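Keep in mind that what you see is a predicted model, and the values were worked out from it rather than measured. No hydrogens, no waters, no symmetry mates; every other heavy atom, side chains included, goes into these values. So you know, we letter chains A, B, ... as the sequences are listed, proteins then strands, and number each from 1.
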There are 2 protein chains.
Amino acid sequence: MITLSEENYLKTIYHLESREGNAVSTNAIAEKIETKASSVTDMLKKLAEKNLITYIKYKGVNLTKEGKLTAVDIIRKHRLWEVFLVDKLNFSWDEVHDVAEQLEHIKSQKLINELDAFLKFPSHDPHGDPIPDKNGQIQRTAKIVLSMAQIDKTYTCVGVLDSSSEFLKYLDKHKIGIGTEIEVKDKEEFDQSMTLKINKKEMVMSKSITNNIYVKAHNEH
Amino acid sequence: MITLSEENYLKTIYHLESREGNAVSTNAIAEKIETKASSVTDMLKKLAEKNLITYIKYKGVNLTKEGKLTAVDIIRKHRLWEVFLVDKLNFSWDEVHDVAEQLEHIKSQKLINELDAFLKFPSHDPHGDPIPDKNGQIQRTAKIVLSMAQIDKTYTCVGVLDSSSEFLKYLDKHKIGIGTEIEVKDKEEFDQSMTLKINKKEMVMSKSITNNIYVKAHNEH
DNA sequence: ATATTTTTTTAGTCTTGTCTAAATTTTATT
DNA sequence: AATAAAATTTAGACAAGACTAAAAAAATAT
Ligand SMILES: [Mn+2]
Ligand SMILES: [Mn+2]
Ligand SMILES: [Mn+2]
Ligand SMILES: [Mn+2]
């Protein structure tokens with residue numbers, strides 16, 4: 001049996017590993033989980049003992065195949081519950097994360113598969129993140145951060161990198177969400193701030209914002 | 001903060017208290033929770049410390065007003081989740097309990113109130129048990145166990161006392177559920193077994209079964 | 001009223017997951 | 001290459017929640 005705490009470690013390691021590429025450090029995990037490095041070391045020994053990670057002292061960790069499958073399954077549950085909360089229970093996208101953190105640990109294969117069907121097999125969660133399928137396959141779509149976009153091209157918002165409540169509320173305030181069209185009018189060399197046309201109005205965004213919005217270029221024809 | 005384990009104790013004490021009336025014994029709790037009496041004693045001290053129960057050594061426990069409110073809130077969540085699982089996710093009434101045992105501990109006021117609305121404010125769970133409202137009020141309906149029913153009268157099944165998977169499957173097998181009409185044809189003095197007309201067919205039920213079915217008499221006119 | 005049985009509590013131990021402080025290893029700097 | 005700094009691990013402690021074995025209290029039987 002895998003515990004709630006172990007599940008949280010696996011999920012965190014998965015996210016860090018897919019961002020960094022190489023082995024994940026003790027401190028990086030500690031920071032994400034908001035715990036002390038020594039607690040992380042203790043847990044890493046347990047996860048290695050259960051063959052969920054490969055752990056070399058002082059060298060960091062990587063998920064094993066089994067660890068990865070477990071992590072992806074938790075992420076699948078997290079994202080499906082987020083869809084449920086937004087689509088069926090009138091939650092806004094900045095309210096779902098904390099509840100999904102709890103719901104992702106409910107253990108029932110039937111529950112999650114029926115939920116998936118009930119929601120009509122959604123491909124993405126409310127933040128634009130892809131939902132792994134029953135077998136752990138993740139369908140990745142091409143996307144770039146808005147800060148990398150080119151002047152005079154038009155894009156569609158397909159997701160967010162920062163999905164903190166504060167950032168999402170900023171987007172709400174400016175009526176920006178998944179599917180919103182964004183036309184790049186200008187980019188300031190000095191601070192990389194961008195002038196954008198959104199909802200027929202022009203606005204300026206600093207780099208700390210454009211860095212956290214994922215967009216997809218419109219198909220040329 | 002109240003822990004998952006504490007919630008389970010409160011819920012158990014509530015059920016025992018409402019069945020027995022008087023103070024609840026350590027052993028009774030231990031048996032329900034499937035733990036040892038010594039573990040129960042430990043927990044009772046903690047709950048008393050938090051003013052959720054009144055506990056007198058060797059004399060058993062009772063819930064305080066606050067303890068009762070907490071217990072009822074957990075029962076509300078449990079039963080609402082059971083309705084969700086049956087009505088929306090194609091669970092049958094013998095499959096829902098274990099999952100609801102997990103879901104009842106999810107902490108989010110908004111979640112449970114929205115779920116309630118999404119389900120159209122159901123009054124009873126799939127086993128015929130009443131769902132407490134937002135304020136902890138429980139609407140109790142008059143009902144008797146089938147074994148107490150009178151010959152030649154007609155009743156409607158409104159609930160079950162034993163909601164174990166085994167018993168519910170027995171009922172399914174004979175196409176008996178909430179709302180099923182039951183006409184009492186005869187009652188054997190010797191073993192109290194009853195001859196009933198259900199779904200246009202006659203059948204005999206032993207007392208151990210009729211003791212676990214709740215019915216309501218049809219209104220005479 | 002005494003003795004026996006049952007119930008409940010206490011004492012001491014264990015596991016999980018966390019912490020602080022100290023020791024060790026690795027990495028960066030001179 | 002030696003030293004300083006940063007990262008990581010180890011050692012020892014603690015709280016929650018459970019357990020076993022023993023002691024104490026309450027209930028029952030003689
Ligand atoms: Mn989330
Ligand atoms: Mn998300
Ligand atoms: Mn139930
Ligand atoms: Mn029920």
Contacts of type side-chain contact (heavy atoms from CB on, under 4.5 Å), residue B:N22, not counting sequence neighbours
B:E20
Does a side-chain N or O from A:S39 land closer than 4.0 Å to OP1 or OP2 of C:dC19, or not?
yes
Less than 4.5 Å apart, side chain to side chain, heavy atoms only: is that true for A:M205 and A:I213?
yes
Value in whole Å for how far the P atom of C:dT8 lies from CD of B:E31:
11 Å
Strictly by modelled atom types, are B:H105 and B:N8 linked by a side-chain donor-acceptor pair under 3.5 Å?
yes
Candidate pair B:H127 and B:V96, rule side-chain contact (heavy atoms from CB on, under 4.5 Å), full reasoning:
CA-CA 10 Å; B:H127 312 104; B:V96 295; 3.7 Å; yes
May I have the distance from A:M1 (atom CE) to D:dA18 (atom C1'), rounded to whole angstrom?
18 Å
Contacts satisfying salt bridge (charged side-chain N to carboxylate O under 4.0 Å, His left out) that involve residues 3-13 of chain B (not counting sequence neighbours) are B:E6-B:K50, B:E7-B:K107, B:K11-B:E101, B:K11-B:E104
Taking C:dG17, D:dA18, D:dT20 as options, the one with an atom nearest any side-chain atom of B:S5 is D:dA18
How is B:T35 classified with respect to the nucleic acid when contacts are heavy atoms under 4.0 Å: base, sugar-phosphate, or nothing?
sugar-phosphate
B:D191 versus B:S193, side-chain donor and acceptor atoms under 3.5 Å:
yes
Computed from five pairs at either end and rounded to 10 degrees, the angle between the axes of the helix from C:dA1-D:dT30 to C:dT30-D:dA1 is 10°
Base, backbone or nothing for each nucleotide of nucleotides 2-13 of chain D, written B, S, -, heavy atoms under 4.0 angstrom, 5' to 3'?
-----SBBB---
B:V145: side-chain contact (heavy atoms from CB on, under 4.5 Å) partners, not counting sequence neighbours
B:S147, B:M148, B:L161, B:N211, B:Y214
Side chain to side chain contact (heavy atoms under 4.5 Å, CB included) with B:V160: which of B:D129, B:L171, B:I178?
B:L171
Round to the nearest Å and state the distance from A:K46 atom NZ to C:dT15 atom P.
11 Å
Which parts of residues 66-75 of chain A get close to DNA chain C, meaning a heavy atom less than 4.0 angstrom away?
none
Write down the distance between NZ (B:K36) and P (D:dC19), rounded to a whole number of angstrom.
6 Å
Within the pair B:Y9 and D:dA18, is there a side-chain N or O less than 4.0 Å away from OP1 or OP2?
yes
What is the distance, to the nearest angstrom, from the CG atom on A:N8 to the P atom on C:dG17?
11 Å
Applying the side chain to side chain contact (heavy atoms under 4.5 Å, CB included) criterion to B:L80, which one of B:D125, B:L85, B:L119 satisfies it?
B:L119
State, without any angle test, whether B:S5 and B:T3 hold a side-chain donor-acceptor pair at a distance under 3.5 Å.
no
Taking atom C1' of C:dT15 as reference, at what distance in whole Å does atom CG of A:L4 sit?
16 Å
Please report, rounded to the nearest Å, how far the C1' atom of D:dG17 is from the CG atom of B:L10.
15 Å
A:K134/A:N113 under side-chain contact (heavy atoms from CB on, under 4.5 Å): CA gap, chis, key distance, verdict
CA-CA 8 Å; A:K134 226 182 280 214; A:N113 289 335; 3.5 Å; yes
Nucleotide D:dA18, atom C1' - distance to CE of B:M43 in whole Å:
10 Å
Between A:V72, A:T70, A:V24, which is the residue that forms a side chain to side chain contact (heavy atoms under 4.5 Å, CB included) with A:Y14?
A:V72
